[in-house]
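Below is one structure; the comments refer to it alone.
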Amino acid sequence: MEKIVILTGAGISAESGLSTFRDEGGLWAQHRIEDVATPEGFARDPALVQGFYNARRVQAAKVVPNPAHRALARLQRDFPGEVVIVTQNVDGLHEAGGAQDVIHMHGILSGALCASCGHRWTAPPEMEVDEPCPACNAPTARPDVVWFGEMPYHMEEIFDHLASATIFAAIGTSGQVYPAAAFVHEAHAVGAHTIEINLEPTGGGFDDHLLGKASETVPKWVDRLLQI
Ligand code: APR
């Protein structure tokens with residue numbers, strides 16, 4: 001039985017209108033990672049960090065899935081084997097496009113987390129500084145996203161999936177950030193066929209490449225897999 005494990009990055013949501021991180025003019029050209037995407041940055045200036053994520057949360061709520069998100073949902077629905085979507089993205093576009101059981105290894109913009117008691121709830125569109133936790137009332141609400149220096153979520157589950165993958169696809173990710181950048185090596189180690197779907201090759205040692213815009217290449221790839 002074929003098992004496809006898919007890792008997506010910001011590139012799959014670019015054509016929906018969300019900025020990527022490392023492309024020209026991307027988020028890391030506009031903000032310093034250490035200021036807005038680290039626990040230290042949050043401790044130093046919580047208003048700056050909440051503002052950064054509020055802007056992204058408001059923007060993410062305005063955009064819609066593109067044909068790439070929808071094609072992956074079709075693959076999950078119609079493929080005779082298992083299809084697991086792991087995303088580094090914190091937008092909800094995979095789910096909005098119909099995907100099921102998406103594994104958000106870097107968390108999700110729509111989630112809030114209490115830094116004191118670990119309680120999780122649906123974030124308001126704009127989270128205030130010192131927003132009280134609905135469970136313990138401590139003023140320690142933060143976006144439920146994984147910052148640099150923190151452990152990504154669901155790693156054991158992800159490595160279990162990779163250990164039984166027969167196909168691994170990395171879609172719209174620059175392969176600059178670990179542990180996600182190492183997934184292709186885990187897949188190769190178990191003999192999976194690996195394919196990179198991107199505007200250009202990122203040099204991760206993939207068996208195959210499908211170059212072009214995700215909204216065009218991903219539906220083509222899915223048609224090929226479903227032999228349409
Ligand atoms: N179609 C396909 N690929 C695209 C498109 C597109 N329309 N637009 C951009 N890309 C590709 C770029 O070529 C690049 O390889 O998407 C990738 C985007 O790379 P990054 O901006 O580095 O985003 P990502 O790989 O998701 O970053 C990983 O880094 O900062 C952290 O937590 C953040 O989850 C993020 C992680």
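Positions are given from 1, in the same order as the sequence printed here. Every value quoted in this text rests on a predicted model; they were computed, and no experiment measured them.
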Given S215 and N66, is the side-chain hydrogen bond (donor to acceptor under 3.5 Å, both in side chains) satisfied, shown in steps? CA-CA 6 Å; S215 64; N66 66 58; 5.5 Å; no
Apply side chain to side chain contact (heavy atoms under 4.5 Å, CB included) to the pair I6 and V84, showing each step before the final yes or no. CA-CA 6 Å; I6 298 162; V84 176; over 6 Å; no
Run the numbers on F21 and Q176 for side chain to side chain contact (heavy atoms under 4.5 Å, CB included), then give the verdict. CA-CA 11 Å; F21 295 94; Q176 305 280 307; over 6 Å; no
Test V49 against V129 for side chain to side chain contact (heavy atoms under 4.5 Å, CB included), laying out the working first. CA-CA 9 Å; V49 174; V129 175; over 6 Å; no
Given the rule in the salt bridge (Lys or Arg N to Asp or Glu O under 4.0 Å) test, do R142 and E150 qualify, once you have shown the distances and angles that lead to the verdict? CA-CA 14 Å; R142 55 170 278 185; E150 295 182 324; 2.8 Å; yes
For side chain to side chain contact (heavy atoms under 4.5 Å, CB included), just list the numbers for W221 and I195, CA-CA rounded to whole Å, side-chain angles, deciding distance to a tenth of an Å, and then say yes or no. CA-CA 10 Å; W221 179 61; I195 180 167; 3.9 Å; yes
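The residues D223 and R74 are annotated as salt-bridged, a charged nitrogen and a carboxylate oxygen being separated by less than 4.0 angstrom. The pair R44-D35 counts as a salt bridge, with a side-chain nitrogen and a carboxylate oxygen less than 4.0 angstrom apart.
In the hydrophobic clustering of ILVMFWY residues, with side-chain heavy atoms under 4.5 Å counting as a link, F159 and V184 come out together. When the side chains of ILVMFWY residues are joined at heavy-atom separations under 4.5 Å, either directly or via intervening members, I228 and V218 end up in a single hydrophobic cluster. I167 and L7 fall into different hydrophobic clusters, defined by Ile, Leu, Val, Met, Phe, Trp and Tyr side-chain heavy atoms under 4.5 Å apart, directly or through other members. Under the 4.5 Å side-chain heavy-atom criterion for ILVMFWY residues, a single connected hydrophobic cluster contains both F79 and V222. Both V83 and V102 are part of a single hydrophobic cluster, where members link through side-chain heavy atoms under 4.5 Å apart.
Rounded to the nearest 0.5 angstrom, L162 CG and E157 CD are separated by 11.0 Å. With rounding to the nearest 0.5 Å, the separation of CD1 in I197 from CG in L210 is 5.0 Å. To the nearest 0.5 Å, atom CG of residue L211 and atom CD of residue E216 are 12.5 Å apart. Separation of atoms CG (N198) and NE2 (H209) is listed at 9.5 Å; rounding is to 0.5 Å. We find the NE2-CG distance between H104 and L109 to be 9.5 Å, quoted to the nearest 0.5 Å. We find the CZ-OG1 distance between R224 and T217 to be 10.5 Å, quoted to the nearest 0.5 Å.
Checked by atom type, the side-chain pair Q88/T173 shows a donor-acceptor distance below 3.5 Å. In the model, D144 has no side-chain atom that pairs as donor or acceptor with a side-chain atom of Y53 under 3.5 Å. In this structure, a donor-acceptor pair under 3.5 Å is present between the side chains of K3 and S164. Side-chain atoms of T8 and T87 include a donor-acceptor pair closer than 3.5 Å.
Proximity of N89 to L93: side-chain heavy atoms (C-beta onward) are nowhere separated by under 4.5 Å. Contact of the L75 side chain with the I85 side chain is not registered, since no non-hydrogen atoms from C-beta on lie closer than 4.5 Å. Taking 4.5 Å as the limit, every side-chain heavy atom of R56 sits out of range of all side-chain heavy atoms of D91. Using a 4.5 Å cut-off on side-chain heavy atoms (C-beta onward), I12 and H69 make contact. No side-chain heavy atom of P219 sits less than 4.5 Å from a side-chain heavy atom of R70. The shortest side-chain heavy-atom distance between N54 and P125 does not fall under the 4.5 Å cut-off. Contact check for W147 versus H106: no side-chain heavy atoms found under the 4.5 Å cut-off. Side-chain atoms of H161 and V86, non-hydrogen and from C-beta on, never get closer than 4.5 Å to each other.
A distance-only check finds no donor-acceptor pair linking the side chain of Q50 to the backbone of A47 [under 3.5 Å]. Under a 3.5 Å cut-off, the side chain of E82 and the backbone N or O of V5 do not form any donor-acceptor pair. No side-chain donor-acceptor contact under 3.5 Å links S13 to the backbone of S16. Side chain of E196 to main chain of I171: no donor-acceptor pair is present (N/O by atom type, distance under 3.5 Å, no hydrogens or angles).
W121 and H119 have parallel rings, their planes meeting at less than 30° on a 0 to 90° scale where 60° marks the start of perpendicular.
The shortest heavy-atom contact between S116 and C136 is CB-SG, 4.3 Å. Shown here for V190 and A163, the closest heavy-atom pair between the two residues is CG1-O, 3.6 Å. The two residues A99 and A73 come nearest to each other via the heavy atoms N-CB, 3.5 Å. Of all the heavy atoms in M155 and M151, the pair that sits closest is CG-CE, 3.7 Å. Of all heavy-atom pairs spanning S19 and L27, the tightest one is CB-CG, 3.9 Å. Shortest non-hydrogen contact noted between T140 and C114 is OG1-SG, 3.3 Å.
A centroid separation of 6.0 Å or more is found between the aromatic rings of F168 and H193.
Considering H188, H185, E186 as possible partners of T194, the one that fulfils the side-chain hydrogen bond (donor to acceptor under 3.5 Å, both in side chains) test is H188.
Cation-pi geometry between R32 and F52 is not satisfied (NZ or CZ under 6.0 Å from the ring centre, within 45° of the ring normal).
Other residues, nucleotides and ligands place no more than 12 heavy atoms under 6.0 Å from the NZ atom of K213.
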